[in-house]
There are 2 protein chains.
Amino acid sequence: MQFSFRMPVAVHIMLCIAKFDGVFKTTSTFLASSVNVNPVIIRKTLGQLKAAGLVEVAAVVGGAKLTKAPQDITLQDVFQAVEEDEDLFHIQDNPNPQCPVGRNIHRVLGSRLSMVKSHMLDDFSRITLADLLEDIPDNE
Amino acid sequence: MQFSFRMPVAVHIMLCIAKFDGVFKTTSTFLASSVNVNPVIIRKTLGQLKAAGLVEVAAVVGGAKLTKAPQDITLQDVFQAVEEDEDLFHIQDNPNPQCPVGRNIHRVLGSRLSMVKSHMLDDFSRITLADLLEDIPDNE
DNA sequence: CTCACTGTAATACCATACATTACAATGAGA
DNA sequence: TCTCATTGTAATGTATGGTATTACAGTGAG
């Protein structure tokens with residue numbers, strides 16, 4: 001089990017937008033060729049990022065821009081823009097209410113797991129796009 | 001996106017085994033009725049837990065027992081018993097090597113994400129079955 | 001010898017992610 | 001005004017993986 005491509009793709013896109021700002025027009029086709037996925041995937045992802053207020057997309061001209069400086073955008077922002085706000089784990093919906101374990105499992109395990117998820121989000125909130133950009137050399 | 005039932009089911013099973021030790025014979029059918037899934041799911045999960053050395057299953061007689069005390073079994077043990085050891089996120093396999101972002105994304109993003117995953121495992125390692133059992137009353 | 005139980009294979013079904021094609025809408029630029 | 005690249009979105013296809021279910025061989029206690 002693992003998360004889908006979505007968050008990594010979104011991060012990749014935003015890094016490209018930041019990196020090529022003013023140099024290339026970052027259209028969905030251009031971004032798609034860097035990530036190596038279909039341009040439609042890029043457009044959908046850009047749509048989610050736009051809805052979250054992280055990017056602006058030039059509707060007809062083409063190209064996208066970040067709305068904030070890379071050091072002000074965290075992986076948490078990106079994660080929440082493209083992933084559902086749901087529990088990390090799926091606990092069986094209808095455990096047996098006649099069993100003491102069954103009728104308490106949601107409360108007992110769920111509370112711990114949501115704590116783990118919030119720690120994960122905390123981790124994400126401490127990683128900015130600028131951190132990642134620093135690690136990407138301009139040329140080989 | 002979220003993880004499957006597997007880990008929560010495994011935890012549920014182990015809590016039942018601990019709770020009903022010496023009271024009921026914890027067969028796969030018995031456990032299945034508490035979790036409310038098919039007994040085959042329970043047997044597969046028990047097989048994984050057995051392979052990880054966390055439980056012993058009485059092959060013919062029926063029933064399972066923990067191999068360690070509940071305070072010595074952590075959610076990390078259970079998680080690793082039932083989940084693949086893989087990255088938390090899936091980064092596109094073939095990004096464009098001609099793009100500076102494309103040829104560095106795995107290293108730059110992957111290292112951060114594996115750190116996040118190891119923090120998650122640390123969290124799991126601090127939660128024991130005994131912690132959960134304490135929160136489950138015997139009767140309503 | 002019987003029987004309850006485990007272990008496992010086979011199969012079906014369903015949800016979801018990703019890929020791809022198609023096309024309407026739009027405004028910049030010729 | 002016309003062309004054209006581009007976005008946004010719908011529709012569809014395909015593959016993967018998780019869960020459900022049936023079936024059955026193997027096994028040792030009683």
Side-chain angles (χ1 to χ4, degrees), chain A residues 1-10 12-13 16-17 20 24-33 35-52 55-65 79 81-84 86-95, chain B residues 1-10 12-13 16-17 20 24-33 35-52 54-65 79 81-95:
Chain A
M1 269 307 296
Q2 58 185 176
F3 283 93
S4 68
F5 286 119
R6 279 210 294 273
M7 199 267 252
V9 166
H12 190 144
I13 290 173
C16 280
I17 294 172
F20 298 120
F24 292 109
K25 189 166 70 162
T26 50
T27 66
S28 62
T29 307
F30 175 85
L31 294 169
S33 84
V35 182
N36 196 25
V37 294
N38 196 285
V40 175
I41 305 290
I42 302 291
R43 289 185 214 137
K44 272 194 202 164
T45 306
L46 277 176
Q48 292 179 298
L49 294 172
K50 188 173 67 173
V55 303
E56 281 166 2
V57 182
V60 170
V61 188
K65 298 219 174 307
F79 179 84
V82 298
E83 291 283 350
E84 298 282 320
E86 64 192 347
D87 290 339
L88 199 53
F89 286 85
H90 189 174
I91 302 182
Q92 173 69 16
D93 281 333
N94 305 302
Chain B
M1 270 306 297
Q2 59 185 176
F3 284 91
S4 68
F5 285 121
R6 279 209 293 274
M7 199 267 253
V9 166
H12 189 144
I13 288 173
C16 280
I17 293 174
F20 297 121
F24 291 110
K25 189 166 68 163
T26 49
T27 66
S28 63
T29 307
F30 175 85
L31 294 169
S33 84
V35 182
N36 196 25
V37 294
N38 196 286
V40 176
I41 306 290
I42 302 292
R43 289 185 214 138
K44 272 193 201 164
T45 306
L46 277 177
Q48 292 179 299
L49 293 172
K50 189 173 67 173
L54 299 176
V55 302
E56 281 166 1
V57 181
V60 171
V61 189
K65 297 221 174 305
F79 179 84
V82 299
E83 291 283 349
E84 297 283 320
D85 183 21
E86 62 191 349
D87 290 340
L88 201 52
F89 286 85
H90 191 173
I91 302 181
Q92 173 69 17
D93 283 332
N94 307 302

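Chain letters run A, B, ... following the sequence lines, proteins first and then strands; every chain starts at 1.
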Looking at residues at least two apart in the chain, or sitting in another chain, which of them share a salt bridge (charged side-chain N to carboxylate O under 4.0 Å, His left out) with A:K65?
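With sequence neighbours excluded, A:K65 shows a salt bridge (charged side-chain N to carboxylate O under 4.0 Å, His left out) to A:D21, given in chain and number order.
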Contact string for nucleotides 7-12 of chain D, one letter per nucleotide 5' to 3', B = base within protein heavy-atom range under 4.0 Å, S = sugar-phosphate only, - = neither, reads BBBB--
What integer distance in Å separates [X]:[atom1] from [N]:[atom2]?
{"X": "B:Q92", "N": "C:dA17", "atom1": "CD", "atom2": "P", "answer": "16 Å"}
{"X": "A:Q48", "N": "C:dC18", "atom1": "CD", "atom2": "P", "answer": "11 Å"}
{"X": "B:F5", "N": "D:dG18", "atom1": "CZ", "atom2": "C1'", "answer": "9 Å"}
{"X": "B:L31", "N": "C:dG7", "atom1": "CG", "atom2": "P", "answer": "12 Å"}
{"X": "B:K25", "N": "C:dC3", "atom1": "NZ", "atom2": "P", "answer": "15 Å"}
{"X": "B:L49", "N": "C:dG7", "atom1": "CG", "atom2": "P", "answer": "11 Å"}
{"X": "B:D93", "N": "D:dA15", "atom1": "CG", "atom2": "P", "answer": "17 Å"}
{"X": "B:I41", "N": "C:dT8", "atom1": "CD1", "atom2": "P", "answer": "15 Å"}

Could you list the residues that satisfy side-chain contact (heavy atoms from CB on, under 4.5 Å) with [X], not counting sequence neighbours?
{"X": "B:A51", "answer": "none"}
{"X": "A:A58", "answer": "A:V61"}
{"X": "A:K50", "answer": "A:V55, A:V57"}
{"X": "B:S33", "answer": "A:N96"}

- Residues which pass ring pair (Phe, Tyr, Trp, His ring centres under 6.0 Å) with B:F5, listed by chain and number, not counting sequence neighbours: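 Counting only residues at least two positions away or on another chain, B:F5 forms a ring pair (Phe, Tyr, Trp, His ring centres under 6.0 Å) with A:H90.
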- prompt: Under a 4.5 Å cut-off applied to non-hydrogen side-chain atoms, are A:L46 and A:L31 in contact?
  reply: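 They are in side-chain contact.
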Keeping B:E83 on the side-chain end and B:M7 on the backbone end, is there a donor-acceptor pair under 3.5 Å?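 Answer holds: no.
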Let me check the geometry of the helix from C:dC1-D:dG30 to C:dA30-D:dT1. What is the bend angle between the axes at its two ends, five pairs each, to 10°?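 Both end axes considered, the difference amounts to 0°.
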**Contacts of A:T45 that satisfy side chain to side chain donor-acceptor pair (under 3.5 Å) - sequence neighbours left out** =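 Counting only residues at least two positions away or on another chain, A:T45 forms no side chain to side chain donor-acceptor pair (under 3.5 Å).
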